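Quick note: numbers below take in every heavy atom, side chains included, and nothing from hydrogens, waters or symmetry partners. For clarity, every value in this text was computed on a predicted model and none was experimentally measured. Order of the sequence lines sets the chain letters (A, B, ...), proteins ahead of strands, with each chain counted from 1.
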2 protein chains.
Amino acid sequence: MNYSLVKLFGWGVIMNKENLNLLVDTYTTAMNEVNRRINVIMNEKVHQELTSDQFGTLRFLQMKQPCTSSDIAHEFSIGKSAVTAQINRLVERNLINRTRDEQDRRIIYLTLTEDGKKLINAGTKKLYDVLGDILSEFKDEEISCFIESLEKLARIIPRK
Amino acid sequence: MNYSLVKLFGWGVIMNKENLNLLVDTYTTAMNEVNRRINVIMNEKVHQELTSDQFGTLRFLQMKQPCTSSDIAHEFSIGKSAVTAQINRLVERNLINRTRDEQDRRIIYLTLTEDGKKLINAGTKKLYDVLGDILSEFKDEEISCFIESLEKLARIIPRK
DNA sequence: TATAATAGTTCACCTATTGAACTATTCACT
DNA sequence: AGTGAATAGTTCAATAGGTGAACTATTATA
């Protein structure tokens, strides 16, 4: 039980500015902690020979291929030049192919090579194992409620 | 309402391997989305002249100072040499001071300068504003339940 | 046809991270 | 007291990731 939260909500305390600030602190601390721990375990057990960013890009491609550099830039909220650099490294390692669109020759489609597919399929399997084990510790209602809130949070955060 | 979750839980479906994998997908997608959006809004409205990492370090110092490089390396799960590099940049910008321990001269204490305090206090205020606005959209029970789950998640993730 | 917009690359510059080798200091033990 | 291990931090070379401006090539539009 988290006593700062009990203090905030458990006795029907009205939400004022100060309590809201405490809530923000509790939220950021917990979220940072989760992200750090997940990052460590992903690096050790899931990514293997990939960085987090590379794993993210290959996962995106696995689900959305064929797609473009601009799609990736938009998905991860980074500039197109950052994507070019990353894709270059993945092409050099023969994990991704570039294919020019014959109709609109400005567009370059990105697809996974056979090596790329193998690597990301293996990584995804490990992801299911590792995160599946963790999420299994929650009760079904607990985890669905948590993910609902997470999705609501994502929707609420203002774009731009 | 999230239909993939309804499919998993809403009709009393038993949790099998395949459902667990879908759950992992839903979780990672939502978590990545939240992290990306938070990152964007933090860069635009909270950090200002700092990077995310620098903001994190100054926040840690704000709460835990005086502390050492090793404390920071441990907190953020990075190597000591990475900390040295970051602290160098912050010292150059006159945001942090290094002070050698007179008893044990191996230890160097890190503290915020007056400039550093001003900057991180302003940033914290903005953090409270921006995240407070977002979290205010949740009902009290909703957010406390969410944060409880987040903290439980952090505890559950295996160290090492 | 001239001009806008779009897709992607290149470049210079910066931050962050790792891991090995290093300095300096203190601890522990015989 | 003296030696060797442990601890705290730095340096260095290498790599990844990021920005933003200037660029090429191509297509759309007016």
> Could you state the atom-to-atom distance from NZ of A:Lys80 to P of C:dT6 in whole Å?
10 Å
> Which label fits C:dA4, syn or anti, where anti is any glycosidic angle not within 90° of 0?
syn
> The side chain of A:Asn88 lies closest to which of these nucleotides: C:dT10, D:dA16, C:dG8?
C:dT10
> Does A:Gln54 make a side-chain N or O approach to OP1 or OP2 of D:dG17 shorter than 4.0 Å?
yes
> Would you say a side-chain N or O of A:Ser70 is under 4.0 Å from OP1 or OP2 of C:dT6?
no
> So, OP1 or OP2 of C:dT25: does either fall under 4.0 Å of a side-chain N or O from B:Gln103?
no
> I need the CG-C1' distance between A:Leu90 and D:dA16, as an integer number of Å.
11 Å
> Nearest whole Å is fine: how far is D:dA8 C1' from B:Arg98 CZ?
12 Å
> Categorize A:Ala82 for me: base, sugar-phosphate, or nothing, with a 4.0 angstrom heavy-atom threshold over every strand shown.
base
> Cut-off 3.5 Å, side chains only: do B:Gln86 and B:Arg89 have a donor facing an acceptor?
no
> Between atom CD1 of B:Ile120 and atom OG1 of B:Thr113, what is the distance when rounded to the nearest 0.5 Å?
11.5 Å
> Answer yes when B:Lys64 and B:Glu75 have at least one side-chain N-carboxylate O distance shorter than 4.0 Å, and no when they do not.
no
> Hey, is the side chain of A:Thr51 poking within less than 4.0 Å of OP1 or OP2 on D:dG17, counting only N and O atoms?
yes
> Can you tell me how far CZ of B:Arg98 sits from CD1 of B:Ile87, rounded to the nearest 0.5 angstrom?
6.5 Å
> To the nearest angstrom, how far is B:Glu49 atom CD from C:dT15 atom P?
14 Å
> Could you work out which one of C:dA16, C:dA5, C:dA24 sits closest to the side chain of B:Arg106?
C:dA24
> Strictly by Watson-Crick or wobble contacts shorter than 3.5 Å, is anything paired with C:dA4, and which nucleotide is it?
none
> Compare side-chain N and O positions of B:Ser81 against OP1 and OP2 of D:dC12 and report whether any pair is under 4.0 Å apart.
no
> Return yes if a side-chain donor-acceptor contact under 3.5 Å exists between B:Asn97 and B:Tyr109, otherwise no.
no
> Rounded off to whole Å, could you give me the CD-to-P distance for the B:Glu92 and D:dT10 pair?
13 Å
> What integer distance in Å separates B:Arg105:CZ from D:dA6:C1'?
19 Å
> Can you measure A:Asp104 atom CG to D:dT27 atom P for me and round it to whole angstrom units?
5 Å
> Show the nearest heavy-atom pair for residues A:Leu61 and A:Cys67, with the distance to one decimal.
CD1-SG, 3.3 Å
> Would you mind telling me which residue lines up with the more 5' stretch of DNA chain D, B:Arg100 or A:Asp101, judged by nearest nucleotide?
B:Arg100
> With DNA chain D as reference, determine whether B:Ser69 or A:Asp53 sits nearer its 5' end, using the nearest nucleotide of each.
B:Ser69
> Return the pairing partner of D:dT3 with a 3.5 Å limit on both distances, Watson-Crick or G-U wobble; otherwise return none.
C:dA28
> What is the distance from CD1 of B:Ile78 to P of D:dG17, rounded to the nearest Å?
17 Å
